Protein chains: 2
Amino acid sequence: MLHAGLLDDLGCRIAWGRLPPGTVLTTAALEAEYGLSRTVVREAVRVLEAMRLVEARRHVGITVRPRPEWNALDVRLIGWNLAGPGRQEELGSLMELRQAIEPVAARLAATRASAGDRAELVALASRLRDLGRQGLGESQEYLTADIDFHRLVAQSSGNYMFAGVLGEVIGEVLAGRTRLGLSPALPAVEALDLHQIAALAISGGDADAAERAIRAIVEEARRAALDAGAATEPAPAATV
Amino acid sequence: MLHAGLLDDLGCRIAWGRLPPGTVLTTAALEAEYGLSRTVVREAVRVLEAMRLVEARRHVGITVRPRPEWNALDVRLIGWNLAGPGRQEELGSLMELRQAIEPVAARLAATRASAGDRAELVALASRLRDLGRQGLGESQEYLTADIDFHRLVAQSSGNYMFAGVLGEVIGEVLAGRTRLGLSPALPAVEALDLHQIAALAISGGDADAAERAIRAIVEEARRAALDAGAATEPAPAATV
DNA sequence: ACTTATGCAATAGTCATACTTATGGCCCAG
DNA sequence: CTGGGCCATAAGTATGACTATTGCATAAGT
């Protein structure tokens, strides 16, 4: 589909600073550059406009807006940022977002989660512990269970904003940890314990304990990322 | 501009449940219903698709997606929700989001804010105190200063995601408080003190104190909203 | 010299028509 | 009942024509 391709290409060029804020494009120039019809160009521009990456004005053209105006929490934009030279910075921002949201999500989950979700969280924490003890902290299975755990906490919070943003980005953040080797084959006992504590606290309705445990989990992850701070993950190849 | 009108109309109809998940539209039917060209319809649908409100498929049409799949933190969607029957629920979710984000933003602001921003925060807190003491807690001036204060905390955090989402929604949330009469003409001394404490903590680089103060501010706001829980604000007239 | 008004070209916005593409559902055969 | 093929469905794309708005350049006025 041509629309998706053009949208991604333009989105990346903007997100990566290749079309810096203030750049003025025209639909005619884009048609010529990409060899596509006006329909495809306009439709892609409409989406970029909706994301506040550009502003289209008659007689002027399509101007790239300043970065602070962009819809920072747009999932597509997050993806573009993660796929480009600003990946580390984006992961850092996402880590801070997790730091903010996950403890509150856990607190809410402790009061709102369904019985089924409570049981599922306990089961996931058990799974993480088992895999961790087997030295499989770097495995896909561990990663999947870790992602599922955090997603379920967000969903159980009953706040669909938490569920939405965390559901979308937690996979990327945790996978990034694994790729950076920040998820050791033998996870620290304390980390596994914290997942257990969090799951049991949510399951038992203890909001304070749930919040403290998740806060500690996220803090540990943040510290590990800081310790590895200079270990820069190379940006993915710049082709989307 | 026809595009914006159609987008808002369709967006609201979906957000308000008038086009419930599972509803299948076609571009032909929308053209006929709205008396607009295919171009306008397609461009609007593109944006809705990007927001994950709908999915367009050949041979099927344009299907409204289940609500959990929507981009919950899309600013436009938040606006549609706030303009419709789900306003209270949306304000509740936003309050929780504030609860999560603002304390962490304050913590980060304490370490990252520029000297100018630190001074500005202190000045805004002073302004709030002065207006509050004059019994102007319900005034537009107080509201403006309150919004500016919280926005600046978010911006000073140096996390553009915090700045983005709070910058967009804080005005709406705080204005809703004023409209509901939850912002008393004579604000409690403690509330004014907390803004001072937060501003001074950020200005002085005390992250713990900044976080505690902002947390207390947001918690006080949340409690006030709970106390007024049954005082339902009528949804705005359903015309955007 | 500065300010205001006017006109025109620039570029997006909209409409209509034609053609292409993929795909879901239905029908038929084994 | 299952699998394969075909066709109609509806989106996806292209193009030409026309409309609408507006920014900029120029001219006129003070």
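Just so you know, these numbers come straight off a predicted model, no measurement behind them. Here is the naming used below: chain letters follow the sequence lines, and residue numbers restart at 1 for every chain.
- Residue A/Leu25 is classed as a sugar-phosphate contact, given heavy-atom separations below 4.0 Å to backbone atoms only.
- The side chain of B/Thr27 contributes an N or O atom lying less than 4.0 Å from OP1 or OP2 of D/dA11.
- Under the 4.5 Å side-chain criterion, counting only non-hydrogen atoms from C-beta, A/Tyr160 is not in contact with B/Leu73.
- Look at CE on A/Met1: it is 19 Å from P on D/dA10, rounded to the nearest Å.
- No salt bridge links A/Arg151 with A/Glu120; every basic N to acidic carboxylate O contact stays at or beyond 4.0 Å.
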inquiry  = Please convert DNA chain D into dot-bracket. A pair counts if it is Watson-Crick or G-U wobble with both distances under 3.5 Å; crossing pairs go in [ ] and bases paired with another strand get |.
reply    = ||||||||||||||||||||||||||||||
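- Between B/Arg87 and B/Glu89, no side-chain nitrogen of the basic residue sits less than 4.0 Å from a carboxylate oxygen of the acidic one, so the salt-bridge criterion is not met.
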query = Going through the checks in order, is the side-chain contact (heavy atoms from CB on, under 4.5 Å) test met by B/Glu138 and B/Leu143?
reply = CA-CA 7 Å; B/Glu138 293 174 317; B/Leu143 177 61; over 6 Å; no
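- From B/Asp148, atom CG reaches atom CG of B/Leu121 across 10.5 Å, with rounding to the nearest 0.5 Å.
- Applying the 4.0 Å criterion to OP1 and OP2 of D/dA14, one finds that A/Ser37 has a side-chain N or O inside that range.
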ask   = What string of B, S and - do you get for nucleotides 20-27 of chain C, 5' to 3', if B is base contact, S is sugar-phosphate-only contact and - is no contact with any protein heavy atom under 4.0 Å?
value = -BBBB---
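- Heavy-atom distances under 4.0 Å link DNA chain D to B/Arg42, B/Arg46 of residues 39-49 of chain B, given in residue order.
- Rounded to an integer number of Å, the gap from CG of B/Leu6 to C1' of C/dG13 is 14 Å.
- Here B/Asn71 pairs with A/Asp74, A/Val75, B/Arg52, B/Asp74 under the side-chain contact (heavy atoms from CB on, under 4.5 Å) rule; sequence neighbours left out.
- Residues A/Arg46 and B/Glu43 are paired through a salt bridge, judged by an N-O separation under 4.0 Å between the basic side chain and the carboxylate.
- The base of D/dT13 sits with one of its N or O atoms less than 3.5 Å from a complementary donor or acceptor on the side chain of B/Arg38.
- In plain terms, the two heavy atoms of A/Ala15 and A/Arg67 that are nearest each other are O-NH2, 2.9 Å.
- Heavy-atom distances to DNA chain D give each of A/Leu36 and B/Ala56 a nearest nucleotide, and the one nearer the 5′ end belongs to B/Ala56.
- Applying the salt bridge (Lys or Arg N to Asp or Glu O under 4.0 Å) test to B/Arg98 and every residue at least two apart in sequence or in another chain returns B/Glu102.
- We find that CD of A/Glu31 is positioned 12 Å from C1' of D/dG16, with the value rounded to whole Å.
- Applying the side-chain contact (heavy atoms from CB on, under 4.5 Å) criterion to A/Glu96, with sequence neighbours excluded, gives A/Gln99, B/Leu108, B/Arg112, B/Asn159, B/Phe162.
- Residues B/Leu94 and B/Ile170 are not in side-chain contact: their nearest non-hydrogen atoms beyond the backbone lie 4.5 Å or more apart.
- C/dG13 atom P lies 13 Å from atom CG of B/Leu7, rounded to whole Å.
- Across the protein-nucleic acid pair, B/His3 atom NE2 and D/dT21 atom C1' stand 17 Å apart, rounded to whole Å.
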